[in-house]
Amino acid sequence: MTPDLSVAVGALKLRGPVLAASGTFGYGTEVPLLERRSLGAMVSKGIFLRPREGTAPPRIAETPGGMLNAIGLQGPGADALVRDYAPQWADWDFPVLVNINGESASEYGELAARLDGVPGIAGFEINISCPNVEQGGLYFGNDPRAAAAVTEAVRRRTKLPVWVKLTPMVSDIGVIARAVETAGADALCAINTFVGMSIDLNSYLPRLSFRTGGLSGPAIRPLAVHLAHQAARAVRIPVIGIGGIARAEDALEFLVAGCSAVQVGTATFVNPNAIAEVHDGISAFLESRGLTSLADLPRYLPRD
Amino acid sequence: MTPDLSVAVGALKLRGPVLAASGTFGYGTEVPLLERRSLGAMVSKGIFLRPREGTAPPRIAETPGGMLNAIGLQGPGADALVRDYAPQWADWDFPVLVNINGESASEYGELAARLDGVPGIAGFEINISCPNVEQGGLYFGNDPRAAAAVTEAVRRRTKLPVWVKLTPMVSDIGVIARAVETAGADALCAINTFVGMSIDLNSYLPRLSFRTGGLSGPAIRPLAVHLAHQAARAVRIPVIGIGGIARAEDALEFLVAGCSAVQVGTATFVNPNAIAEVHDGISAFLESRGLTSLADLPRYLPRD
Amino acid sequence: MFVIGMHGPEIASTVRAGQFVNLGWSPGPLLRRPFSVYRSDGEHIEVVLNAVGTGTAQLLGMDIGEHVSCLGPLGRGFEIRPGIRTAVLISGGLGVAPMPLAARDARQAGAHVTWVHGARTAVELCSETEGDEVIWATDDGTEGSRGTVVAAAPQAEVVLACGPNRMLAAVAERWPEAQVAVETYMGCGTGVCLGCAVPLKRGGYDRACREGPVYRAADIDWGALPSHLSYAVTR
Amino acid sequence: MFVIGMHGPEIASTVRAGQFVNLGWSPGPLLRRPFSVYRSDGEHIEVVLNAVGTGTAQLLGMDIGEHVSCLGPLGRGFEIRPGIRTAVLISGGLGVAPMPLAARDARQAGAHVTWVHGARTAVELCSETEGDEVIWATDDGTEGSRGTVVAAAPQAEVVLACGPNRMLAAVAERWPEAQVAVETYMGCGTGVCLGCAVPLKRGGYDRACREGPVYRAADIDWGALPSHLSYAVTR
Ligand SMILES: Cc1cc2nc3c(=O)[nH]c(=O)nc-3n(C[C@H](O)[C@H](O)[C@H](O)COP(=O)(O)OP(=O)(O)OC[C@H]3O[C@@H](n4cnc5c(N)ncnc54)[C@H](O)[C@@H]3O)c2cc1C
Ligand SMILES: Cc1cc2nc3c(=O)[nH]c(=O)nc-3n(C[C@H](O)[C@H](O)[C@H](O)COP(=O)(O)OP(=O)(O)OC[C@H]3O[C@@H](n4cnc5c(N)ncnc54)[C@H](O)[C@@H]3O)c2cc1C
Ligand SMILES: Cc1cc2nc3c(=O)[nH]c(=O)nc-3n(C[C@H](O)[C@H](O)[C@H](O)COP(=O)(O)O)c2cc1C
Ligand SMILES: Cc1cc2nc3c(=O)[nH]c(=O)nc-3n(C[C@H](O)[C@H](O)[C@H](O)COP(=O)(O)O)c2cc1C
Ligand code: FES
Ligand code: FES
């Protein structure tokens with residue numbers, strides 16, 4: 001008997017614990033060959049209220065076991081999203097959440113309001129790794145009050161599930177986690193990319209035109225497992241683990257460390273079937289251990 | 001003509017910019033085959049005032065492009081260091097700095113006082129990635145005031161060079177960098193390991209007995225380059241870059257990004273000749289670009 | 001330059017000139033590496049490469065019979081309409097890669113095909129002689145005419161070009177209507193990461209892996225397209 | 001079990017039974033992998049291994065003639081004094097690795113050598129028959145005596161053992177003076193990282209790569225030595 005891999009993330013029921021991470025699966029429409037049968041949910045590419053061009057190339061650079069990206073949240077804006085993509089999502093057999101971004105708490109709220117109730121949109125993932133333009137460009141995600149303000153602004157404008165995606169470059173992720181839990185988040189996603197830089201020795205300049213970029217891929221996995229675990233210890237709401245997952249064993253590390261589900265990002269670039277393979281691998285693992293459902297997986301989650 | 005690779009880090013003149021990182025070169029006496037001819041300086045294994053046993057095994061775990069370690073600062077304490085190692089160091093043709101650790105600012109100060117003036121000890125590298133026992137175990141390195149207090153406590157007890165080794169898991173490394181510069185540091189070392197975790201799927205427990213460990217190796221290099229660059233932009237004192245350096249090109253990234261020198265850690269485990277090879281590779285690079293000294297290397301260091 | 005052949009009937013039978021495949025292998029670098037399809041018959045495809053960095057060095061170190069994961073055909077190739085009379089193919093360095101298929105298609109379309117090869121110096125020149133006529137140009141004059149490949153090329157109805165972006169920018173100056181295959185770094189090769197941004201004259205960015213890698217030369221904002229990609233350096 | 005031979009005259013001519021080499025190769029995992037020296041003549045050394053994880057799988061995938069970086073001989077081997085009359089070698093699973101050299105040295109020292117092989121089941125048993133006498137033991141009795149290798153071993157003046165740490169702990173119970181070669185994870189293999197900590201009865205930790213990997217069985221705090229290293233699982 002195949003083990004039961006369904007999970008509930010708050011009110012949202014998912015057929016499996018392996019989700020597509022924002023910015024690594026486009027709008028789900030790009031690649032017909034991407035295997036979707038076992039996708040738990042998809043988080044769409046990060047979007048702002050208005051269209052954005054994104055940053056100048058080069059936008060990516062390879063690093064040992066990882067990659068840096070500075071896409072600059074290129075996207076068509078809310079209206080085009082509603083017009084071009086949401087109608088397609090409405091027909092799919094898994095939920096699509098929209099990764100939302102803003103330059104101020106009120107802009108996040110406005111965006112949520114614009115998208116709320118649109119058929120095909122099952123919830124929101126708030127990306128708080130954006131610079132807070134009103135506060136001199138500090139990331140929302142570094143400041144518990146700013147993170148909570150964004151969460152509240154979105155929470156007030158929608159009844160749909162609200163997930164908050166945490167920034168890793170903080171000295172205590174538990175503080176931010178608790179702040180956004182209190183502000184009304186239904187789940188946490190941990191984590192977004194780490195800020196990194198790589199230098200081109202021909203030009204003596206950063207490889208990326210934006211100078212810095214976000215590091216993703218297997219290189220960050222041990223850091224991500226730690227941070228997701230710390231977040232899970234700090235809150236009662238579900239935590240979705242993200243960072244460097246390429247194989248079932250990687251996903252299982254996050255699940256054992258206290259996560260309810262996981263998202264796969266960069267691995268999809270390398271292997272368009274990564275999500276299906278991770279899903280199937282988790283199933284095989286549970287079977288090999290005689291477990292009939294994901295809920296029976298032993299967890300390591302000491303509470304402080 | 002071989003390019004001039006000598007550098008001055010504050011008052012300390014070094015014959016080359018490639019140093020051995022604390023905890024990865026022991027006390028310099030372990031391995032006769034380690035190539036020392038081009039070592040700029042050595043930082044000895046982190047030490048406390050009193051002997052420490054360290055943590056139970058397993059202490060290390062391999063991760064993609066990196067490794068986690070939780071050695072627990074095992075060491076013989078100050079008296080044994082002075083008796084067994086310093087006399088050997090006194091005969092060497094490169095300076096040895098001692099990586100000092102404590103549970104309170106005053107313990108750091110006491111340790112510096114005990115070691116100050118001992119022949120063979122050329123300076124101190126303060127490891128502020130230690131839990132501050134008086135303040136509930138928060139790292140000194142996460143709090144600008146605690147970091148400055150430790151720096152001052154050491155500064156008051158010695159005229160030798162005092163370097164401060166920064167913690168990477170902070171939301172703004174510039175703030176800490178400026179705080180310890182003001183407190184009297186002669187140079188900054190950026191960065192120490194990142195906290196990470198890895199789960200053993202057989203036991204459903206962390207691989208390391210200490211549960212978490214410090215991530216080092218090529219995986220962290222882009223993060224380290226970014227943080228060292230941010231630190232260098234924030235201060236006027238020299239910054240020594242550390243993190244994932246295995247080849248000359250890696251070291252050059254840090255040097256172009258504004259560092260005066262670099263330390264090589266994990267790479268020495270893989271290749272006992274890594275430091276010499278990095279040194280020679282920097283020399284070859286400068287020659288290939290027609291540069292006669294390291295000082296002529298173009299730097300990318302916009303000031304804010 | 002070295003050629004690697006792969007058994008891949010599905011790709012071989014559908015690939016068009018200018019399309020690419022994205023190669024991955026284990027243990028290898030994290031990201032796949034894109035390569036233009038160089039030749040194809042019904043069963044096999046070939047790519048042409050030099051050892052530039054880690055990825056290409058590893059590929060060239062492989063033995064016959066080893067497996068490579070090959071994703072493709074990807075991107076939009078050259079558009080070669082039937083009935084054209086003259087076509088010029090301009091290639092710099094490894095820009096030869098898409099040209100044999102382009103030459104085949106252009107000849108099938110009825111064109112007289114001239115292939116102009118350029119390189120810095122004679123030893124870097126490719127000896128490929130597909131098409132009806134071949135012209136050589138080297139920067140240092142050690143083989144063929146001295147000077148750029150763009151200057152050496154004759155007029156033609158259709159101009160197809162591939163090579164370092166700097167060379168393509170020069171092509172764009174002379175032939176705004178030329179079809180050029182650009183190089184960018186790529187994250188996914190499948191259109192989802194937006195890493196392969198190509199800056200457009202009309203503003204905004206296209207994806208080299210979907211809308212490209214072949215563009216109308218006049219559509220690209222050449223000043224904003226990086227010309228210093230490490231692998232675009234001709235060697 | 002597979003054997004890999006390497007040309008390494010300096011190591012081959014100086015290695016002692018129980019010492020190890022630390023192998024690295026490119027592209028490979030970040031850290032080197034330690035392997036006991038299995039056999040040596042004046043020019044070559046051999047190691048014995050199974051495909052346990054990435055590292056061993058890659059090693060076994062190599063072709064004749066490929067290069068491996070080999071650091072050694074490392075650690076302290078078995079101490080085999082001249083004049084001993086009887087020696088028992090106890091090996092579980094891949095713990096056979098240091099035994100051929102140990103058998104050679106013990107016989108040179110004048111001892112009658114008995115080698116006791118243990119495994120979970122017959123197919124995992126090693127067929128090595130160095131020494132004067134060989135005894136087999138399997139957990140399931142499919143070959144030789146049923147039960148542990150420790151129970152199957154005869155008395156002797158000198159006992160040398162290698163295998164999963166759990167087995168060595170049983171050896172320590174019966175022969176506190178036995179010399180046992182332990183397994184730990186290793187960072188450097190050269191004594192600088194303190195990663196290979198072996199907990200001692202008298203408190204504190206030793207380095208398996210310097211003071212070990214061979215210890216007097218009674219000196220180790222077996223309760224604190226991990227017995228669940230992934231690669232110590234007999235397969
Ligand atoms: C559409 C297209 C077609 C191509 N066709 C060919 C061809 O036919 N023949 C050929 O030889 N080459 C071709 N290339 C280039 C080929 O992909 C490069 O040779 C290869 O990327 C160089 O890789 P390497 O691993 O040898 O070098 P590396 O050492 O890995 O790369 C050199 C530098 O480029 C960086 N880099 C490489 N790939 C990426 C990436 N995806 N993202 C970010 N940074 C990266 C590396 O970090 C490094 O700094 C093509 C590229 C494109 C976009
Ligand atoms: C002194 C000594 C002698 C040995 N002799 C032999 C021998 O003769 N034959 C033999 O087959 N094996 C021997 N081993 C064990 C051998 O090194 C392992 O087989 C090997 O480490 C397994 O590696 P792998 O790469 O195949 O598996 P992996 O998949 O890499 O390793 C299995 C697991 O162990 C972890 N791991 C492996 N090495 C390390 C490390 N250094 N630090 C942290 N985690 C690590 C991996 O992360 C993984 O979880 C010896 C070990 C020691 C200490
Ligand atoms: C090219 C790229 C684009 C991304 N875009 C977004 C985004 O728009 N919004 C967001 O919250 N995260 C974005 N991310 C972060 C990923 O969703 C994920 O958190 C991160 O990559 C770590 O997971 P991974 O190691 O599996 O890739 C992006 C990542 C990559 C590599
Ligand atoms: C096994 C090990 C032990 C270490 N011990 C210390 C230490 O005692 N004190 C310290 O400040 N840093 C210590 N470090 C951190 C290194 O000095 C260095 O900052 C870090 O490993 C990053 O550099 P790398 O990637 O080149 O290894 C240790 C690192 C390792 C891997
Ligand atoms: S390479 Fe990812 S979108 Fe083109
Ligand atoms: S493996 Fe590094 S000290 Fe033993």
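Every chain is numbered from 1, with letters handed out A, B, ... down the list of sequences. Quantities reported herein were computed from a predicted structural model and do not represent experimental measurements.
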Inset, instruction - Answer yes or no: are there more than 12 heavy-atom neighbours, outside C:E10 itself, under 6.0 Å from its atom CD? - result: no
Legend entry - C:C188 SG to A:I60 CD1 distance, which is reported to the nearest 0.5 Å: 8.0 Å
Legend entry - Closest non-hydrogen atom pair, C:G203 against A:E53: C-OE2, 3.9 Å
Legend entry - Side-chain heavy-atom pair C:R207, A:Q74 within 4.5 angstrom cut-off: no
Legend entry - 4.5 Å side-chain heavy-atom contact, C:V192 and A:T24: no
Inset, instruction - Answer with side chain, backbone, both or neither: which region of C:A197 has an atom nearer than 4.5 Å to a non-hydrogen atom of chain A? - result: both
Legend entry - Verdict with supporting geometry, A:T63 and C:L30, side-chain contact (heavy atoms from CB on, under 4.5 Å): CA-CA 8 Å; A:T63 69; C:L30 176 70; over 6 Å; no
Legend entry - Atom CZ of A:F94: over 12 foreign heavy atoms under 6.0 Å: yes
Legend entry - Side chain to side chain, A:T268 and C:T190, heavy atoms closer than 4.5 Å: no
Inset, instruction - Step through the shown structure and confirm whether more than 12 heavy atoms of other residues, nucleotides or ligands are within 6.0 Å of CD on C:E173. - result: no
Inset, instruction - Output yes when A:E62 and C:R33 qualify as a salt bridge under the 4.0 Å nitrogen-oxygen rule, no when they do not. - result: yes
Legend entry - Shortest non-hydrogen separation from C:A224 to A:P57 and the atoms involved: O-CG, 3.8 Å
Legend entry - Side chain / backbone / both / neither for A:S209 at chain C, heavy atoms under 4.5 Å: neither
Legend entry - Separation between SG of C:C193 and CG of A:N69, rounded to the nearest 0.5 Å: 8.0 Å
Inset, instruction - Might you confirm whether atom OH of A:Y204 has over 12 heavy atoms from other residues, nucleotides or ligands at distances under 6.0 Å? - result: yes
Inset, instruction - Measure the shortest side-chain to side-chain distance between C:L194 and A:K45 over non-hydrogen atoms and say whether it is less than 4.5 angstrom. - result: yes
Legend entry - Heavy atoms of other groups near C:E79 CD, more than 12 under 6.0 Å: no
Legend entry - Side-chain (A:R59) to main-chain (C:Y185) donor-acceptor, under 3.5 angstrom: no
Legend entry - Partners passing ring-ring contact (aromatic ring centres under 6.0 Å, His included) against C:Y205 (at least two apart in sequence or in another chain): none
